[in-house]
Each structure stands twice: as C-alpha cells, then as structure tokens.
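Nothing fancy with the numbering, it's 1 onward along the sequence.
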Amino acid sequence: MAKKILFINQEISPYVPESEMSNMGRLVPQKVVEKGFEIRTFMPKWGNINERRGQLHEVIRLSGMNLIINETDHPLIIKVASMQACRTQVYFIDNDDYFTKRQMGLDESGKPYADNGERAIFFARGVLETVKKLRWVPDVIHCQGWMSYVVPLFVKAAYCDEPSFANAKVVTSLFGNQLPGTVCDDFRDCIAFRNVNADMLSGFSEKFGYDDLAKLAIDYSDGVIEASDDIDAGVSKYLRDSGKPFVEYPGDDFAQAYANFYEKVLS
C-alpha cells in the first residue's frame, strides 16, 4: 500500500509568484507522486492569489468551523483547486482577517505582519482539523516554510491522541531568507491549545523570532531537510546539535533523497 504524505506548504507556484520556496512547494509533491506516494497538499489562501485564474472554490462541507485563538473566534474557510502537475488537489486555508485581505508574510510596505505568528497558528490548526474531517491518515507530515513550523509542535503535543496523527512522522524543510523581527508580540498566549502551553517555549528568547520558530520545528520533528543552501547559520548549528536525522541540501536531485528520507523516518 502506498505511503501517504501530507504536505503543508507556505507557498506553491503558480498560485503565488515564483521563488525557491514556491517552486519546491510545487515540485516536491509532484516528484513524490511520481515515486509512488499518495499525497494531500495544503497552503494558505494568501490575498494575492487570483481565485478565478486558479479556479479555487469553497468546500462547504469542510468550512464553517471556528478556531479560538487567544480567546477570539476565527472562522475557518476551506477552498480547493486542482493541481494538474501532480494530478491532485490543493486545499487552501482561508480567513478574512488572516489571509483574504492580506499579502503573504510582508505587507504592502515590505514589513512582516505583526501577527504572523498568530496567522501560522491558525494555519496549522486549520490544516490539522481539516485533515481530521477528510478522514485521511498520513504516514508522514512534511512542513515547508515558516508558516508551517508550528505544525510539528501541535502534532506531537496537541493532536498526538487523534487517530489521524497518532502514528504520523513529521519532516520539516528549512529554507533561507528568514524574516526579521518577532513572529508576534503575544505568541505565547496565542499558542495555548490542549496540551500546548507557553511553558513549552521557555527555552526560547522572550521576543520569539523566525529563527526560534525554525528551532521549535526542529525540536518536534522526526527529521529535517535543508531545502536551501543558505540556511541561517544559527539554525543550521541548532539542527546539528539536536541529533535529529537530517538531509543536507541535495540540490536539484532532491526527489530520490526525499523519498529515501521518508522511508528512513518511517523505519
């Protein structure tokens, strides 16, 4: 039986402009399907995505849930489109406040949004709740980009008893060009959910930054992939000191390296 890989991507081209991350968001699922794996793919419904051109439509049966973050209700909207390259669908996590009316990680003036950490928490919980509704049980959860870096913590601590995720292994891809500054001022308050609480971030700086987000993902992942050749030096050292299995940047010949790594973390 084919192993199931859940991709949780920050960016996928052609829905957003081409970049190293968005190209990998498209190519990795495509190549993994060619290797015989079954996949599901998620990304945020960023405000710069053209819904008509991308042929997105809302999935009513999956939408309608409210996620409470920092004592505030946030409606979860799920949209879907077909990704022809890998003959599968892409599910989009949407919310008017966090995504529809916004750009991606940076605002119109080129500065990181002050609540990016809160947006990442909403995205992570939105993906995991939707996968539960799909009744699809992944063998590996592969997170690509800082927007997905809260997922490993939630899988291992908040959703660990859920049948959909109890046996799942988590792989995180690290990229270069980390955003500057803190992910949000009240990140420790926003992250509280089930067994996850602020005490789990006690080893990190008070001003929780994007490098801390990457380190948090490393802590709760079963394996890590260096998806760029310019990973932040501090994050790279943290990875090596962690003792976690990892793949050094494989370059263009990544498909077999990724497939082999999935089998390694599953064994």
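Looking only at atom types and distance, the side chain of Q10 has no donor-acceptor partner in the side chain of Y149 under 3.5 Å away. No side-chain N or O of N9 forms a donor-acceptor pair with one of T41 less than 3.5 Å apart.
A214 and L174 make their closest contact through CB-CD2, 4.1 Å (heavy atoms, listed as atom of the first residue, atom of the second, distance). Residue M65 comes nearest to L67 through the heavy atom pair SD-CD2, 3.7 Å, listed as atom of the first residue, atom of the second, then distance. Considering every non-hydrogen atom in both A157 and V196, the closest pair reads CB-CG2, 3.8 Å. K156 approaches D222 most closely through the heavy-atom pair NZ-OD2, 2.7 Å. Nearest heavy atom pair, residue C143 against residue P152, reads SG-CD, 4.1 Å. Residues M24 and Q144 come closest through the heavy atom pair O-NE2, 3.9 Å.
Atom CG of N23 has more than 12 neighbouring heavy atoms from other residues, nucleotides or ligands inside a 6.0 Å radius. Atom CG of N167 sits in a sparse spot, with 12 or fewer heavy atoms from other residues, nucleotides or ligands closer than 6.0 Å.
Classification of the Y15-F92 ring pair by plane angle, with boundaries at 30° and 60°, yields perpendicular. Using bins of under 30°, 30° to 60° and over 60° for the plane-to-plane angle, the ring pair F204/Y238 lands in the tilted bin.
Residues forming a ring pair (Phe, Tyr, Trp, His ring centres under 6.0 Å) with F261 (at least two apart in sequence, or on another chain): none. Scanning for side chain to side chain donor-acceptor pair (under 3.5 Å) contacts around D241 gives K237, with sequence neighbours left out. Residues satisfying the side chain to side chain donor-acceptor pair (under 3.5 Å) criterion with Y262, sequence neighbours excluded, are H142. Applying the side chain to side chain donor-acceptor pair (under 3.5 Å) test to S148 and every residue at least two apart in sequence or in another chain returns nothing.
The side-chain heavy atoms of F99 and I49, taken from C-beta on, include no pair separated by under 4.5 Å. Contact of the V127 side chain with the Y91 side chain is not registered, since no non-hydrogen atoms from C-beta on lie closer than 4.5 Å. Proximity of I225 to F254: side-chain heavy atoms (C-beta onward) are nowhere separated by under 4.5 Å. For the pair I93/F122, a side-chain contact is recorded, criterion being any heavy-atom separation below 4.5 Å from C-beta on. The closest side-chain heavy-atom distance from F37 to V140 is not below 4.5 Å.
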> What's the verdict on side-chain contact (heavy atoms from CB on, under 4.5 Å) for I141 and F165, showing C-alpha distance, side-chain angles and the deciding distance?
Replying inline: CA-CA 9 Å; I141 299 170; F165 308 111; 3.9 Å; yes

>> Could you go through L6 and F42, starting from their C-alpha distance and side-chain angles, then the distance that decides it, and tell me whether this counts as side-chain contact (heavy atoms from CB on, under 4.5 Å)?
In response: CA-CA 8 Å; L6 170 63; F42 283 78; 3.7 Å; yes

> Run the side-chain contact (heavy atoms from CB on, under 4.5 Å) check on F175 and E11 step by step: do they pass?
Replying inline: CA-CA 12 Å; F175 289 84; E11 303 173 18; over 6 Å; no

>> Could you go through I8 and F123, starting from their C-alpha distance and side-chain angles, then the distance that decides it, and tell me whether this counts as side-chain contact (heavy atoms from CB on, under 4.5 Å)?
In response: CA-CA 9 Å; I8 306 180; F123 177 58; 3.5 Å; yes

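Under a 4.0 Å N-O distance rule, the pair R240/E248 qualifies as a salt bridge. A salt bridge links K45 with E51: at least one charged nitrogen is closer than 4.0 Å to a carboxylate oxygen. One finds a salt bridge joining R194 and E162 here, because a Lys/Arg side-chain nitrogen approaches an Asp/Glu carboxylate oxygen to under 4.0 Å.
S242 places a side-chain N or O within donor-acceptor distance of the main-chain N or O of L239, the cut-off being under 3.5 Å. A donor-acceptor pair is defined here as one N or O able to donate and one able to accept, closer than 3.5 Å; no such pair exists between the side chain of K169 and the backbone of D139. Proximity of a side-chain donor or acceptor of N95 to a complementary backbone N or O of L76 within less than 3.5 Å is not detected. Not a single donor-acceptor pair under 3.5 Å links the side chain of N48 to the backbone N or O of Q103. The closest donor-acceptor contact from the side chain of S19 to the backbone of S22 lies under 3.5 Å. A donor-acceptor contact shorter than 3.5 Å is absent between the side chain of D186 and the backbone of D189. Between the side chain of D212 and the main chain of G209, a donor-acceptor pair closer than 3.5 Å is present. With D107 contributing its side chain and K111 its backbone, the two residues share a donor-acceptor pair below 3.5 Å. Judged purely by atom type and a 3.5 angstrom limit, K35 has no side-chain atom pairing as donor or acceptor with the backbone of A255.
When hydrophobic clusters are built by joining Ile, Leu, Val, Met, Phe, Trp and Tyr residues whose side-chain heavy atoms come closer than 4.5 Å, directly or via intermediates, V80 is not grouped with I77. By the criterion of side-chain heavy atoms lying less than 4.5 angstrom apart, applied directly or through intervening Ile, Leu, Val, Met, Phe, Trp or Tyr residues, V137 is not grouped with I5; the two fall into different hydrophobic clusters. Cluster annotation: L106 is connected to M104 through the hydrophobic network of ILVMFWY side chains, with a link wherever side-chain heavy atoms come within less than 4.5 Å. Both L27 and Y258 are assigned to one and the same hydrophobic cluster, defined by single-linkage of ILVMFWY side chains at heavy-atom distances under 4.5 Å. V16 and W146 fall within a single hydrophobic cluster, where Ile, Leu, Val, Met, Phe, Trp and Tyr are joined by side-chain heavy atoms under 4.5 Å apart, directly or via other members.
A distance of 12.5 Å separates CD in E206 from CZ in F187, rounded to the nearest 0.5 Å. A distance of 14.0 Å separates OG of S236 from OH of Y249, quoted to the nearest 0.5 Å. Note that CD of Q178 is 6.5 Å distant from CG of D232, once rounded to the nearest 0.5 Å. Here the CE-CG distance, from M147 to L179, works out to 11.0 Å after rounding to the nearest 0.5 Å. One distance of note links CG of L213 with CD1 of I218; it measures 10.5 Å at 0.5 Å rounding. Note that OG of S13 and CZ of R26 are 4.0 Å apart. Values are rounded to the nearest 0.5 Å.
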Output side-chain donor-acceptor pairs under 3.5 Å for residues 55-62, partner residues at least two apart or in another chain, one line each.
{"from": "E58", "atom 1": "OE2", "to": "S63", "atom 2": "OG", "distance (Å)": "3.2"}

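Applying the side chain to side chain donor-acceptor pair (under 3.5 Å) test to residues at least two apart or on different chains, the pairs with a partner in residues 115-127 are Y98-E118, R102-D115, N116-R119, N116-Y210.
Screening V183, V150, L153, N70 for a side-chain contact (heavy atoms from CB on, under 4.5 Å) with I121, the sole residue that qualifies is V150.
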